[in-house]
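Worksheet: the structure to be examined is printed underneath.
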Amino acid sequence: MDRKKLDQQSQHWEINFSNKPEMFGISPSEAAIKAVKEFKKKGITNLIELGAGQGRDTIFFAEKGFKVEALDYSYSAVKTINDKAKKLGLSKFISAKHHDVRKPLPFKNETFESCFSHMLYCMALTNNQLSTLSDEILRVLKSKGLNFYTVRHTGDGDYNNGFHLGEDLYESNGFIVHFFSKLKIKKLSKGFKILHINSFEEGNFPRKLYEVILEKEN
């Protein structure tokens with residue numbers, strides 16, 4: 001495993017976000033739209049969003065009345081979110097901060113009712129780092145809190161293509177992607193009850209993903 005190459009991903013994303021102000025568009029992801037429905041069913045009002053990018057889902061959550069703590073390891077992405085929130089009059093609903101999820105989450109135990117992340121888990125994170133992140137999410141969630149996340153899976157067309165870095169990590173066009181099997185999801189679910197793992201597709205390629213909803217057991 002080339003740790004230096006994994007560490008360089010933050011610079012790669014910083015450059016891309018700086019050069020492409022709306023890299024993923026302005027419409028919310030399909031995952032965020034589904035998440036809102038799940039959150040409303042549970043009466044959830046606050047959440048933490050990991051790997052928020054340029055904020056297309058963050059803004060959507062805020063517009064739907066949720067209070068969001070958004071984290072990303074790109075400084076330009078965080079600035080973009082805060083600027084958008086101010087411009088749209090949503091600053092009271094959104095707080096965006098720079099953070100590397102390989103480090104402990106900067107929040108107290110049982111702070112949030114839910115956690116949302118769209119493809120954050122399939123960034124340049126090792127299995128051990130993912131396990132630690134899952135433990136941290138468990139720590140900051142309240143009892144029965146939801147962890148709603150999406151990942152590209154091993155049926156995706158990019159799996160086994162590009163440069164293999166070890167584990168299920170592959171690099172293509174400068175981007176490193178960690179691909180998931182259902183077994184990997186189950187292994188990362190310690191302390192959670194799996195509510196569902198659903199397959200869906202996104203984009204023109206298309207990317208093939210799992211939508212995962214976990215509930216904190218205690």
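Shown here for His178 and Thr126, the closest heavy-atom pair between the two residues is CE1-C, 4.2 Å. Closest approach of Val78 to Ala96, counting heavy atoms only: CG1-O, 3.5 Å. Shown here for Ala62 and Val68, the closest heavy-atom pair between the two residues is N-CG2, 4.3 Å.
Distance alone, capped at 3.5 Å, places no donor-acceptor pair between the Glu49 side chain and the Phe116 backbone. Side-chain atoms of Lys187 do not come within 3.5 Å of backbone N or O of Lys182 as any donor-acceptor pair. In this structure a side-chain-to-backbone donor-acceptor pair under 3.5 Å is missing from Asp57 to Ala32. In this structure, His164 contributes its side chain and Glu167 its backbone to a donor-acceptor pair below 3.5 Å. Remark: side-chain polar atoms of Thr58 are not paired, donor with acceptor, to backbone N or O of Gln54 under 3.5 angstrom. Counting only distance, with no hydrogens or angles, the side chain of Arg207 and the backbone of Gly157 share no donor-acceptor pair below 3.5 Å.
Separation of atoms CD1 (Ile185) and CZ (Phe192) is listed at 13.0 Å; rounding is to 0.5 Å. Here the CG-OG distance, from Asp72 to Ser117, works out to 11.5 Å after rounding to the nearest 0.5 Å. For the atom pair Lys67 NZ and Leu90 CG, the distance stands at 12.5 Å (nearest 0.5 Å). Rounding to the nearest 0.5 Å gives a distance of 11.0 Å between CZ of Phe93 and OG1 of Thr45. Taking CG from Asn161 and CD from Glu171, the interatomic distance works out to 13.5 Å, rounded to the nearest 0.5 Å. To the nearest 0.5 Å, atom CG of residue Asn127 and atom CG of residue Leu188 are 7.0 Å apart.
With a 6.0 Å radius and a threshold of 12 heavy atoms from other residues, nucleotides or ligands, Lys216 has its NZ atom above the threshold. Counting non-hydrogen atoms of other residues, nucleotides and ligands closer than 6.0 Å to NZ of Lys42 gives a total above 12. Taking a 6.0 Å sphere around NZ of Lys64, one finds it holds 12 or fewer heavy atoms contributed by other residues, nucleotides or ligands. Around the CZ atom of Phe200, the shell of radius 6.0 Å holds more than 12 heavy atoms that belong to other residues, nucleotides or ligands.
The pair Asp83-Lys79 meets the salt-bridge criterion, since a charged nitrogen lies less than 4.0 angstrom from a carboxylate oxygen. We find that Asp168 and Lys184 are joined by a salt bridge, their nearest charged nitrogen and carboxylate oxygen being less than 4.0 Å apart. With salt bridges taken as basic N to acidic carboxylate O contacts below 4.0 Å, one links Lys34 and Glu30.
If you check the side chains of Asp158 and Ser172, you find no donor sitting under 3.5 Å from an acceptor. Side chains of Asn198 and Tyr210: a donor-acceptor N/O pair is absent below 3.5 angstrom, by distance only. Looking at Thr150 and Glu211, their side chains never bring a donor and an acceptor atom within 3.5 Å of each other. Under 3.5 Å, the side chains of His118 and Glu202 contain a donor-acceptor pair of N or O atoms.
Phe61 is not connected to Ile48 by any chain of hydrophobic side-chain contacts under 4.5 Å among Ile, Leu, Val, Met, Phe, Trp and Tyr, and they are in different clusters. Residue Ile137 is not grouped with residue Ile44 when hydrophobic side chains (ILVMFWY) are merged at heavy-atom distances under 4.5 angstrom, including chains of intermediate members. Note: the hydrophobic cluster containing Val101 does not contain Ile81 (ILVMFWY, side chain heavy atoms under 4.5 Å, direct or indirect links). Transitive grouping of hydrophobic side chains (ILVMFWY, heavy atoms separated by less than 4.5 Å) keeps Val177 and Leu133 in distinct clusters.
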Please output the side-chain donor-acceptor pairs of residues 142-149 that fall under 3.5 Å, not counting sequence neighbours, one pair per line with the distance.
unit_1, atom_1, unit_2, atom_2, d
Ser143, OG, Asn218, O, 3.4
Asn147, ND2, Tyr121, OH, 3.1

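Taking the six-membered ring for Trp and the full ring otherwise, Tyr170 and Phe163 have centroids separated by 6.0 Å or more.
Between Phe66 and Phe39, the two ring planes are perpendicular [angle over 60°; tilted spans 30° to 60°].
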For this session: Under the side chain to side chain contact (heavy atoms under 4.5 Å, CB included) rule, what do Phe180 and Arg152 come out as? Steps first, then yes or no, please.
Result: CA-CA 6 Å; Phe180 278 65; Arg152 292 174 73 175; over 6 Å; no
